[in-house]
Amino acid sequence: MWWMMSNEGGHYCSKKSDDVCGDVCGQESTQALGLSRLRCILRGIDLKTFIFLFAFVPTLVFGIYVHGQKISYFLRPLWESPPKPFHEIPHYYNENVTMERLCKLHGWGIRESPRRVFDAVLFSNELDILNIRWKELYPYVTQFVLLESNSTFTGKPKPLVFASNRDQFKFADPRLTYGTIGGRFRKGENPFVEEAFQRVALDQLLKIAGITDDDLLIMSDVDEIPSRHTINLLRWCDDIPPVLHLRLRNYLYSFEFLVDNNSWRASVHRYQTGKTRYVHYRQSDIILADSGWHCSFCFRRISEFIFKIKAYSHFDRVRFSYFLNPKRIQKVICKGSDLFDMIPEEYTFKEIIGKMGPVPHSFSAVHLPSYLLDNCR
């Protein structure tokens, strides 16, 4: 055993060696020490390992960059628990059954006269789906309330699409309370902040429309359409829950692609002054089964798809510019694939794997909005 001390007198080494790994014992500089250790490590790696590292590591990094969102959503069952299940109310309906009997089947009483109904929505550019919605609900809605902004949720300027096409909705004019709101155009702000700002403004527009206590208020996006018999049931029946979510059939791109029956954000409220607020999240544990349709991204023109993709609150899903390519969008729609190339948003591996891939075509047009069937081509 050799004992050595450096000429500077500060460091000791327990053995003598001519190998580069041994040289580090006598070096004063931390930087030199680090470089020597790196050289030592690299000396012990053979050529195959070098090739593997230089090929595998960049590929891994690129794969995570491209598919990181997919990986995150696929592993969702590991990092997020499913929400509390709803208490689901069975939904009874047949056109030949009396309203009194239908209310009784649901465990409710019958009123002497129906409640007033207010249907309130934020509008962006969904002209066709708005027409389907209002034609479906027209027989039972007292007042349609629509708020439109000159800003998208993502803070981009937009035209007042409804105002420019109001002639298409003359049938609803006598029952329409229409309002506009200027956008704040906050660059870089979370889109959900602008969305919440507009929903608060919709609360004020409802007051202008004349809503009062115990009136029914439909809270849902334009593309979340309650069936007319559901709304008629709720306006006639007594003792319905103060807040009732509606389970809707979930469609994608058109009523040709039925995804599932799990859309739940739409809700109906018995209005209470000072308490009811127009929001779009879960507000109750009670839901009524099979209450209508949610047709997401249901547009006639590719340009409308592109506008919606850029405008809505989940713009962060547009990870690459080619997602906005019209030819790609057309191809994705025709296949029933996901516009954002995402893994299904579910809470169990069984549900995720079961929904992966394109949505199969549906060959049923039973129990769809009547206006849609009257005007399909």
Side-chain angles (χ1 to χ4, degrees), residues 69 120-134 146-166 168-169 180-181 183-187 189-199 201-202 219-225 248-259 263 265-266 280-281 292-342 344-345 358-359 369 372:
Q69 193 178 65
V121 294
L122 292 177
F123 181 80
S124 179
N125 69 324
E126 310 95 333
L127 288 170
D128 289 325
I129 207 74
L130 179 68
N131 208 3
I132 294 171
R133 178 191 185 96
W134 282 3
L146 184 146
L147 181 67
E148 183 173 25
S149 175
N150 64 345
S151 167
T152 67
F153 293 157
T154 52
K156 298 182 182 298
K158 66 173 281 292
L160 297 176
V161 178
F162 180 83
S164 301
N165 294 273
R166 191 162 177 170
Q168 295 183 27
F169 302 92
T180 60
I181 183 172
R184 297 174 307 137
F185 302 104
R186 304 283 178 86
K187 188 175 181 180
E189 185 178 66
N190 188 320
F192 288 100
V193 176
E194 177 65 29
E195 180 179 344
F197 174 75
Q198 293 185 23
R199 293 190 188 279
L202 193 51
M219 288 189 195
S220 68
D221 286 348
V222 175
D223 57 7
E224 297 167 336
I225 308 172
L248 309 179
R249 300 182 190 181
N250 216 3
Y251 293 87
L252 185 64
Y253 310 139
S254 74
F255 290 92
E256 180 182 2
F257 295 105
L258 175 60
V259 180
S263 179
R265 290 184 181 274
H280 196 236
Y281 51 71
W293 315 270
H294 178 194
C295 198
S296 185
F297 278 90
C298 291
F299 297 106
R300 187 183 304 192
R301 301 172 184 87
I302 297 297
S303 60
E304 294 172 308
F305 280 88
I306 294 174
F307 177 87
K308 174 67 178 285
I309 291 171
K310 292 180 177 179
Y312 89 138
S313 298
H314 292 287
F315 181 68
D316 59 304
R317 295 178 178 180
V318 186
R319 292 169 290 135
F320 307 104
S321 59
Y322 75 85
F323 279 12
L324 300 173
N325 182 287
K327 290 183 178 179
R328 175 191 176 271
I329 293 173
Q330 181 69 74
K331 183 178 179 180
V332 167
I333 293 168
C334 291
K335 287 177 62 180
S337 299
D338 191 276
L339 273 173
F340 306 102
D341 195 25
M342 289 177 58
E345 298 180 75
V359 180
L372 181 70

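No experiment lies behind these values; they were computed from the predicted model shown.
One finds the CZ atom of Phe257 at 7.5 Å from the SG atom of Cys334 (value rounded to the nearest 0.5 Å). If you take SG on Cys298 and CG on Asp223, they are separated by 7.0 Å, rounding to the nearest 0.5 Å. Atom-to-atom distance recorded for Leu258:CG and Trp293:CH2 is 13.0 Å, nearest 0.5 angstrom. To the nearest 0.5 Å, atoms CG (Asp128) and CZ (Arg301) are separated by 6.5 Å. Lys308 contributes atom NZ, which lies 5.5 Å from atom OG of Ser296 (distance to the nearest 0.5 angstrom). The CD1 atom of Ile225 sits 11.0 Å away from atom OG of Ser263, with the distance rounded to the nearest 0.5 Å.
Cation-pi geometry between Lys158 and Phe307 is not met: the NZ or CZ atom fails to fall both under 6.0 Å from the ring centre and inside 45° of the normal.
At a threshold of 4.5 Å between non-hydrogen side-chain atoms, the residues Leu127 and Phe169 count as touching. In this structure the side chain of Trp134 reaches within 4.5 angstrom of the side chain of Leu146, judged on heavy atoms. Considering only heavy atoms from C-beta on, Leu130 stays 4.5 Å or farther from Gln168 through its side chain. Taking the side chain as every heavy atom from C-beta outward, Phe255 and Arg249 never approach each other to under 4.5 Å. For the pair His294/Tyr251, no side-chain contact is recorded, criterion being any heavy-atom separation below 4.5 Å from C-beta on. The closest side-chain heavy-atom distance from Phe197 to Ile181 is below 4.5 Å.
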Item to complete: Could you walk me through whether Leu252 and Leu339 pass side-chain contact (heavy atoms from CB on, under 4.5 Å), step by step?
Response: CA-CA 10 Å; Leu252 185 64; Leu339 273 173; over 6 Å; no
Fill in: Verdict with reasoning, Arg184 to Val193, per side-chain contact (heavy atoms from CB on, under 4.5 Å)
CA-CA 10 Å; Arg184 297 174 307 137; Val193 176; 3.5 Å; yes
Worksheet entry | Verdict with supporting geometry, Ile329 and Val332, side-chain contact (heavy atoms from CB on, under 4.5 Å) | CA-CA 5 Å; Ile329 293 173; Val332 167; 5.7 Å; no
Worksheet item: side-chain contact (heavy atoms from CB on, under 4.5 Å) between Phe323 and Ile309: does it pass, once the steps are laid out?
Response: CA-CA 9 Å; Phe323 279 12; Ile309 291 171; over 6 Å; no
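Nearest heavy-atom pair, Phe153 versus Gln198, reported as atom, atom and distance to 0.1 Å: CE2-OE1, 3.5 Å. For the pair Glu224 and His280, the tightest heavy-atom approach, listed with the atom from each and the gap, is OE1-NE2, 3.0 Å. Across all non-hydrogen atoms, the minimal contact from Ile132 to Pro369 is CG2-CB, 3.8 Å. In terms of heavy-atom proximity, Ile129 sits nearest to Cys295 at CD1-CB, 4.0 Å. The two residues Gly155 and Ser151 come nearest to each other via the heavy atoms CA-OG, 3.7 Å.
Put simply, the side chain of Glu148 gets close to the backbone of Val161: a donor and an acceptor are under 3.5 Å apart. Under a 3.5 Å cut-off, the side chain of Asn150 and the backbone N or O of Gly183 do form a donor-acceptor pair. Put simply, the side chain of Tyr253 gets close to the backbone of Ser337: a donor and an acceptor are under 3.5 Å apart.
A salt bridge links Asp221 with Arg199; the closest basic N to acidic carboxylate O contact falls under 4.0 Å. A salt bridge is absent between Arg133 and Glu126: the closest approach of a Lys/Arg side-chain nitrogen to an acidic carboxylate oxygen does not fall below 4.0 angstrom.
Within a 6.0 Å radius of CZ in Arg300, other residues, nucleotides and ligands contribute 12 heavy atoms or fewer.
Ring pair Tyr322/Phe320 is parallel by interplanar angle, where below 30° counts as parallel and above 60° as perpendicular.
When only modelled atom types and interatomic distance are considered, Thr154 and Thr152 share a side-chain donor-acceptor pair under 3.5 Å.
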